[in-house]
Novice: 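After the structure tokens below, expect a handful of questions from me.
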Protein chains: 2
Amino acid sequence: MKKEKELYRKFLRSKNLKLTKPRLIIMEAVFENHDHFNVDDLYEQIKKKHKNVSRATIYRTVPLLVESGLIKQSLRCESKDIYEHTYGHENHLHFICINCGKIIESGFNEVANLIDKLAEAKGFKISEYNLGARGLCKNCKKNKE
Amino acid sequence: MKKEKELYRKFLRSKNLKLTKPRLIIMEAVFENHDHFNVDDLYEQIKKKHKNVSRATIYRTVPLLVESGLIKQSLRCESKDIYEHTYGHENHLHFICINCGKIIESGFNEVANLIDKLAEAKGFKISEYNLGARGLCKNCKKNKE
DNA sequence: ACTTTATTGAGAATGAATCTCAAAATCACC
DNA sequence: GGTGATTTTGAGATTCATTCTCAATAAAGT
Ligand SMILES: [Mn+2]
Ligand SMILES: [Mn+2]
Ligand SMILES: [Zn+2]
Ligand SMILES: [Zn+2]
């Protein structure tokens, strides 16, 4: 069985939650591709194969996936919360193009190490990094010249 | 005249926008304290002194203040956009306590330098940094032990 | 299979943010 | 300091992502 499914199962068990069909379908859909997604994207993707999974259930399941550590809430885009899976996807930071919306991912460790030091100095215990910047991507920068 | 007012006036001029009473009241309210704020906070604060400034006008004015560079959009908290002024307040990063909601500000330059290098490697031109982490503040960490 | 209990789908409700429009204010010009 | 073209405003309506409600359904321990 896929490793993420196993972890999910264990997580649900540990919280006394049932492993239902919708919960499984949603989790599998999340791991079908490697893009950032919002609830509506996920709903449309799932609807193609499974007619009976409601938006409400997706809205209820996504926080479980976050709590399980399989996905994390990422940027916000067009007033929608967006997510990405963390399992099988190294920590990284985001450069978002304010002109075309493109998301560029980049390294992380050096930055995280530095942030760790700053946090430690404040007695702060980090559980989730949130690192990035907005600006112009290579293409859009060129086109503006 | 306060420097920020002068900058604001120039900004509005440059965009052919009028310097109206509500726009001035809102801008002054923003600089009355140094906290992070959301539109509702601002509305309540303004209402104490000025009865006739509407929420709609605040919602319309805040993006102008952002565009002028006097304030910037910051974290999101309790599903509301929150802002802080940048003018007269050095760039910094945020540690947000997931237990009590406290916001701790910390240094910036070292981190920004590092991010600049990463962005440059991707041909990305940064216009706004977004740096921080979520976790437990000193107090909450202690109380959990 | 039975029973308890959690979960679901559908649609209603919420609430932050945006939009509409008639009335009021600004300001360039005299 | 009046006039008039043009913006801006306040109040309320509207939008739309997210959350909630509740009767019907499904999970899983026995
Ligand atoms: Mn990513
Ligand atoms: Mn701050
Ligand atoms: Zn771009
Ligand atoms: Zn705390």
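Reminder, nothing fancy here: chain letters follow the sequence lines and each chain counts from 1.
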Novice: Report yes or no: is there a donor-acceptor pair, N or O only, under 3.5 Å between the side chain of B/Arg55 and the base of D/dG12?
Specialist: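 There is none.
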
Novice: Look at B/Arg23 and C/dT26 and indicate whether a side-chain polar atom (N or O) is within less than 4.0 Å of OP1 or OP2.
Specialist: no

Novice: Examine the base of C/dT26 for any acceptor or donor lying under 3.5 Å from a partner atom in the side chain of B/Arg13, and report the outcome as yes or no.
Specialist: no

Novice: Please confirm whether the shortest side-chain N or O distance from B/Thr20 to OP1 or OP2 of D/dT9 is below 4.0 Å.
Specialist: yes

Novice: Report which part of the nucleic acid B/Lys80 touches: base, sugar-phosphate, or nothing (heavy-atom distance under 4.0 Å, all strands).
Specialist: sugar-phosphate

Novice: Please work out whether the ring planes of B/His36 and B/His92 are parallel, tilted or perpendicular, with thresholds of 30° and 60°.
Specialist: perpendicular

Novice: If you find the nucleotide of DNA chain C closest to B/Pro63 and the one closest to A/Leu17, which residue's nucleotide is nearer the 5' end?
Specialist: A/Leu17

Novice: Check every strand shown and say whether A/Asp40 touches a base, only sugar-phosphate, or nothing at a heavy-atom separation below 4.0 Å.
Specialist: nothing

Novice: Assess the side chains of A/Tyr83 and A/Asp41: does a donor N or O sit below 3.5 Å from an acceptor N or O?
Specialist: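 No, because no side-chain N or O of A/Tyr83 sits under 3.5 Å from a partner of the opposite role on A/Asp41.
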
Novice: Are OP1 or OP2 of C/dG15 and a side-chain N or O of B/Ser79 less than 4.0 angstrom apart?
Specialist: no

Novice: Out of C/dT7, D/dA11, C/dT26, which has the shortest distance to the side chain of B/Lys21?
Specialist: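 Of C/dT7, D/dA11, C/dT26, C/dT26 is nearest to the side chain of B/Lys21.
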
Novice: Give me the atom names and distance for the closest heavy-atom approach of B/Gly69 to B/Thr86.
Specialist: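 Where B/Gly69 meets B/Thr86 most closely, the heavy atoms are O-OG1, 2.8 Å.
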
Novice: For A/Tyr87 and A/Phe31, take the angle between the two ring planes, folded into 0 to 90°, and tell me which bin it lands in: parallel under 30, tilted 30 to 60, perpendicular over 60.
Specialist: perpendicular

Novice: Looking only at side-chain N and O atoms, does A/Tyr59 come under 4.0 Å of OP1 or OP2 in D/dT19?
Specialist: no

Novice: What contact category does B/Val39 fall into here, base, sugar-phosphate, or nothing, at under 4.0 angstrom with non-hydrogen atoms?
Specialist: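 Here B/Val39 touches no strand at all.
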
